[in-house]
Structures are given as structure tokens and as C-alpha cells.
Amino acid sequence: MSATAEATVLITHDVGLHARPSVKFTKLAKSFAADVEIALAANGPWFDAKSIVKVMAAKAPKGTVLHIRANGDGADDAIRALIELVQRDFDEDAGHVRSA
């Protein structure tokens with residue numbers, strides 16, 4: 001069964017959708033069968049969310065409202081997981097503790 005889902009989320013990460021966050025975002029997007037795209041505005045342009053090059057090319061800074069849409073099997077699950085990843089600040093809080 002094919003489905004379509006769409007949502008928006010505010011990027012609060014200090015560097016926005018830069019290298020590390022983009023890698024995590026695209027890896028998660030690739031884990032779903034649905035086609036997933038992102039845009040910085042509701043009317044696009046839309047970028048393939050499974051392409052690290054295209055996601056980084058979007059250059060979405062902190063404070064950007066990211067538009068995400070998915071089409072195909074697991075579209076709702078893909079949108080939910082990607083929104084949660086962005087809301088969790090790309091899971092970067094605990095992973096970057098410097099030692100003295």
C-alpha cells in the first residue's frame with residue numbers, strides 16, 4: 001500500500017543541517033522504503049533526503065523550518081522518525097563530550 005505524508009520541523013541544532021546532522025538524517029531516510037524529500041519552503045525546491053550531497057546543498061541553518069515529505073511504503077513512519085531525529089538535535093548532545 002502506498003502512502004504520502006508531509007510535515008515540518010524547526011531545526012534547533014547550532015550548525016543546522018550541516019555535515020554530521022546531514023549524515024544522520026540521510027542514513028535514517030535511507031532506512032525507509034518510501035521516497036523522502038526535504039525543502040526549505042512549502043513550494044520547494046525539493047531535495048532527495050537520501051542523498052547526502054543534496055541534503056548538505058540545502059544549507060539549512062539553525063532556525064530553518066524544514067519541510068519533509070515521503071511517498072510510498074512506510075511514509076508515515078519515515079516522517080515521524082525524521083521529525084523526532086531533528087527534535088532530538090540529531091542525537092549530538094551526549095556524543096561530543098571532550099575530555100581534559
Side-chain angles (χ1 to χ4, degrees):
M1 180 174 179
S2 183
T4 300
E6 189 168 338
T8 60
V9 64
L10 178 67
I11 298 175
T12 58
H13 191 280
D14 286 340
V15 297
L17 200 50
H18 201 339
R20 285 189 316 268
S22 292
V23 167
K24 291 180 180 182
F25 193 89
T26 55
K27 277 182 154 181
L28 184 57
K30 287 178 184 178
S31 71
F32 294 94
D35 293 328
V36 183
E37 297 177 304
I38 62 166
L40 306 184
N43 58 350
W46 291 89
F47 304 95
D48 180 358
K50 296 182 180 183
S51 167
I52 184 65
V53 172
K54 292 181 180 178
V55 169
M56 286 186 67
K59 297 181 179 175
K62 180 180 181 178
T64 299
V65 175
L66 188 65
H67 299 259
I68 308 171
R69 69 182 181 191
N71 185 30
D73 290 342
D76 286 331
D77 292 337
I79 294 294
R80 185 178 316 108
L82 290 165
I83 293 290
E84 289 174 0
L85 177 67
V86 174
Q87 290 175 334
R88 291 192 316 264
D89 226 9
F90 302 93
D91 296 331
E92 294 212 334
D93 286 343
H96 290 88
V97 178
R98 289 184 167 191
S99 59

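For the atom pair CG (L17) and OG1 (T64), the distance works out to 8.5 Å, reported to the nearest 0.5 Å. Rounded to the nearest 0.5 angstrom, D89 CG and K24 NZ are separated by 9.5 Å. With values rounded to the nearest 0.5 angstrom, F25 atom CZ is found 4.0 Å from I68 atom CD1.
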Scan the side chains in residues 74-83 for donor-acceptor partners under 3.5 Å anywhere in the protein, sequence neighbours excluded, and list what turns up.
| residue | atom | partner | partner atom | Å |
| --- | --- | --- | --- | --- |
| D77 | OD1 | R80 | NH1 | 2.8 |

Which atom pairs, donor and acceptor, lie under 3.5 Å between side-chain atoms of residues 40-58 and protein residues at least two apart or in another chain?
| residue | atom | partner | partner atom | Å |
| --- | --- | --- | --- | --- |
| D48 | OD1 | K50 | N | 2.9 |
| K50 | NZ | F32 | O | 2.7 |
| K50 | NZ | A34 | O | 2.8 |
| S51 | OG | K54 | N | 3.2 |

Distance-only donor-acceptor hits, side chain of residues 7-14, under 3.5 Å, sequence neighbours excluded:
| residue | atom | partner | partner atom | Å |
| --- | --- | --- | --- | --- |
| H13 | ND1 | V15 | N | 3.1 |
| H13 | NE2 | E92 | OE1 | 2.8 |
| D14 | OD1 | K62 | NZ | 3.2 |

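Pairs of residues two or more places apart, or lying in two chains, that qualify as side chain to side chain donor-acceptor pair (under 3.5 Å) and include a residue from residues 28-37 are E37-R69. Within the structure, ring-ring contact (aromatic ring centres under 6.0 Å, His included) pairs that include any residue of residues 52-71 do not occur (at least two apart or interchain).
Put simply, the side chain of T4 never gets that close to the backbone of N71: no donor and acceptor are under 3.5 Å apart.
Between F90 and G16, the shortest heavy-atom contact is CE1-O, 4.5 Å.
For H18, there are no ring pair (Phe, Tyr, Trp, His ring centres under 6.0 Å) partners two or more places apart in sequence or in a different chain.
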